[in-house]
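Quick notes on the structure that follows.
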2 protein chains.
Amino acid sequence: MSHSENGVGVRQAQKLQSRRALLDAGLHLLEQQNLSGLGVREVTRAAGMSPAGFYRHFSGMSELGVTLVEESLASLHGMIRGAFAEQRGQQDPEALIDSAVEVVAAHVREHRAHVRFLARERHGGVREVREAIGAELRRFADEVAGALAAQPVSRGWSAEEVRMLAELYVDLLVTSATAFLEAGPEGEREVARTARTRLRLISVGRRHWHEG
Amino acid sequence: MSHSENGVGVRQAQKLQSRRALLDAGLHLLEQQNLSGLGVREVTRAAGMSPAGFYRHFSGMSELGVTLVEESLASLHGMIRGAFAEQRGQQDPEALIDSAVEVVAAHVREHRAHVRFLARERHGGVREVREAIGAELRRFADEVAGALAAQPVSRGWSAEEVRMLAELYVDLLVTSATAFLEAGPEGEREVARTARTRLRLISVGRRHWHEG
DNA sequence: TCATTCAGTAAACAACTGTTTGCCGACTCG
DNA sequence: CGAGTCGGCAAACAGTTGTTTACTGAATGA
């Protein structure tokens, strides 16, 4: 019995390592540049590989970009699920807001380059990447909508109203994430404070929405 | 007396026309591309000019970018002032929200390329342009803060609370603008509807903020 | 009228680009 | 062991790029 069935041969591992090197090099270069201006040679040079080698892993730059999108949002998805798990255990909306903001802050702290990439390419010049980010964000809103619908505060809200609200929350969190990014570590507390205030303002509006 | 004192000689006019051609060509190319990937030769070719001519007008690409930023926000500024003028004449917050959203919608409708440029480069790879957009947006928030402070609803709000609120409004309007952009003309009504709902939700939250 | 200014040009610079080709050599697997 | 797979490389392709140079010729203004 060889390692053919678990897919972790020496060969496979080396290929994956090269692929990782390309992705890391690309991510690094994209901190000061846009994807639409990133070159194949530039990336391979930074990854210590010959230009031709790039095409063993990606058909072109936009494919590398889409891969980075998936990678960037995968970890966030996990953290969000964690935050929702906390919600089930406790009902205080203040605490939920605090933990949501903290989740975002932590994610930006630990995945700076990925988040910067998302912010930069969300409206960037490469359509495939833009669409990938948009689709992922829409799925994200789906999850939030599901969680909101389960809250007792949502009694009397239609499905589309809840969906709207979810999109608002997502947009606010995305905005907060880019604010964390621009503020840097020293301004983190301040950004978190305004993010919490914004969310609380929505909370209040939500409670008094159906009153006339 | 020649035209030396009003600056509208034939020479000046021709130069301005060329400059305009460069800016228009750039703006057009930037609809499918990022500034960090835009080339001097590319722009001059599209503008019907020799590459060297570019440097008679701009020191480099980022200077052209900053010029486009100023240009892009100048018209919006005017429209915003108009919307605020309407406010003074009438107190219904619903109507103010409606007119604010309509101002944004109209601006996107009439300046698609400029708005797309702003959305694309707001977090783009060219620092000078990013900073120019950020500064302009902050001035925008100043104006909104001033207008909010004048509203009777703001009684009991501190200056920083009002400022926070103004930034929230600006972020929401910017988000709405990019939503208009992505939706296209046919989805405009829908985007306007959710934009209004968001603003109303904030309105409600604002009224009930200081209640415990 | 006539010297001056200056927007725009053509040409040259060295360096860069994406992509394809054929090849090598280490891994894979019966 | 031996045939086959395949990730990575060097080289060549036919362009492209930003920027500087010295120039031309029309607009300028005394």
Side-chain angles (χ1 to χ4, degrees), chain A residues 1-26 29-30 32-68 124-129, chain B residues 1-26 29-30 32-67 125-129:
Chain A
M1 174 197 80
S2 82
H3 38 237
S4 63
E5 59 193 39
N6 44 20
V8 285
V10 176
R11 197 128 188 198
Q12 203 87 298
Q14 282 173 342
K15 178 169 185 182
L16 242 77
Q17 197 175 23
S18 298
R19 186 185 154 97
R20 192 93 287 283
L22 287 172
L23 288 167
D24 287 345
L29 290 167
L30 286 169
Q32 347 225 36
Q33 199 176 168
N34 267 111
L35 185 64
S36 75
L38 188 62
V40 171
R41 290 187 115 104
E42 205 178 347
V43 174
T44 55
R45 197 184 310 129
M49 183 181 298
S50 89
F54 179 88
Y55 297 95
R56 300 280 183 204
H57 299 273
F58 306 100
S59 69
M61 259 308 157
S62 51
E63 194 169 296
L64 182 142
V66 173
T67 305
L68 283 177
V126 183
R127 186 160 45 83
E128 287 142 289
V129 171
Chain B
M1 173 197 84
S2 82
H3 38 240
S4 64
E5 58 194 39
N6 45 20
V8 286
V10 176
R11 198 130 189 194
Q12 204 86 298
Q14 281 173 343
K15 180 170 184 181
L16 241 79
Q17 197 175 22
S18 296
R19 186 185 154 96
R20 191 93 287 282
L22 286 172
L23 288 167
D24 287 345
L29 290 166
L30 285 169
Q32 346 226 35
Q33 200 175 169
N34 268 111
L35 186 63
S36 75
L38 188 62
V40 171
R41 290 187 115 104
E42 206 177 347
V43 173
T44 54
R45 199 184 310 127
M49 183 182 297
S50 91
F54 180 88
Y55 297 97
R56 300 281 182 202
H57 300 273
F58 306 101
S59 70
M61 260 308 159
S62 52
E63 195 170 295
L64 182 143
V66 171
T67 304
V126 182
R127 186 161 46 82
E128 288 142 288
V129 171

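Just so we're on the same page: letters track the sequence lines, and every chain starts at 1.
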Heavy-atom distance under 4.5 Å between the side chains of Val43(B) and Met61(B), does that happen here?
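Yes, side chains in contact.
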Taking for each residue the nucleotide of DNA chain D with the nearest heavy atom, is it Gln14(B) or Gly60(B) whose nucleotide lies nearer the 5' end?
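So the residue in question is Gly60(B).
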Nearest-nucleotide wise, let me know which of Glu42(B) and Gly53(A) is further upstream toward the 5' end of DNA chain D.
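Its nucleotide being nearer the 5' end, the pick is Gly53(A).
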Please report the distance, rounded to the nearest Å, between [atom1] in [X] and [atom2] in [N].
X	N	atom1	atom2	value
His57(B)	dT19(D)	NE2	C1'	16 Å
Leu16(B)	dA7(C)	CG	C1'	12 Å
Arg11(A)	dT5(D)	CZ	P	11 Å
Gln12(B)	dA27(D)	CD	C1'	12 Å
Tyr55(A)	dA10(D)	OH	P	16 Å
Arg56(A)	dC24(C)	CZ	C1'	12 Å
Leu22(B)	dG8(C)	CG	C1'	11 Å
Gln17(A)	dC6(D)	CD	C1'	17 Å

Rounded to the nearest 0.5 Å, what separation is found between the CZ atom of Phe58(A) and the CZ atom of Arg19(A)?
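The CZ atom of Phe58(A) sits 4.5 Å away from the CZ atom of Arg19(A).
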CE of Met49(A) to CZ of Arg56(A): how many Å apart, nearest 0.5 Å?
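Rounded to the nearest 0.5 Å, the CE-CZ separation comes out at 11.0 Å.
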Describe the nucleic acid contact of [X] in one word from base, sugar-phosphate, nothing, applying a heavy-atom distance below 4.0 Å.
X	result
Phe54(A)	nothing
Gly39(B)	sugar-phosphate
Arg45(A)	sugar-phosphate

Check: Ser36(B) side chain, Asn34(A) main-chain N or O, donor-acceptor pair, under 3.5 Å
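Pair found, side chain donor or acceptor close to backbone of Asn34(A).
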Using the side-chain heavy atoms of [X], tell me which of these nucleotides is nearest: [options].
X	options	answer
Ser18(A)	dG8(D), dT28(C), dT19(C)	dG8(D)
Arg41(A)	dA12(D), dA10(D), dT20(D)	dA12(D)
Ser50(A)	dT16(D), dC9(D), dT9(C)	dC9(D)
Val40(B)	dT19(D), dC9(D), dT9(C)	dT19(D)

For the CD atom on Gln32(A), are there more than 12 heavy atoms of other groups (residues, nucleotides or ligands in this structure) within a distance under 6.0 Å?
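Count not over threshold, so no.
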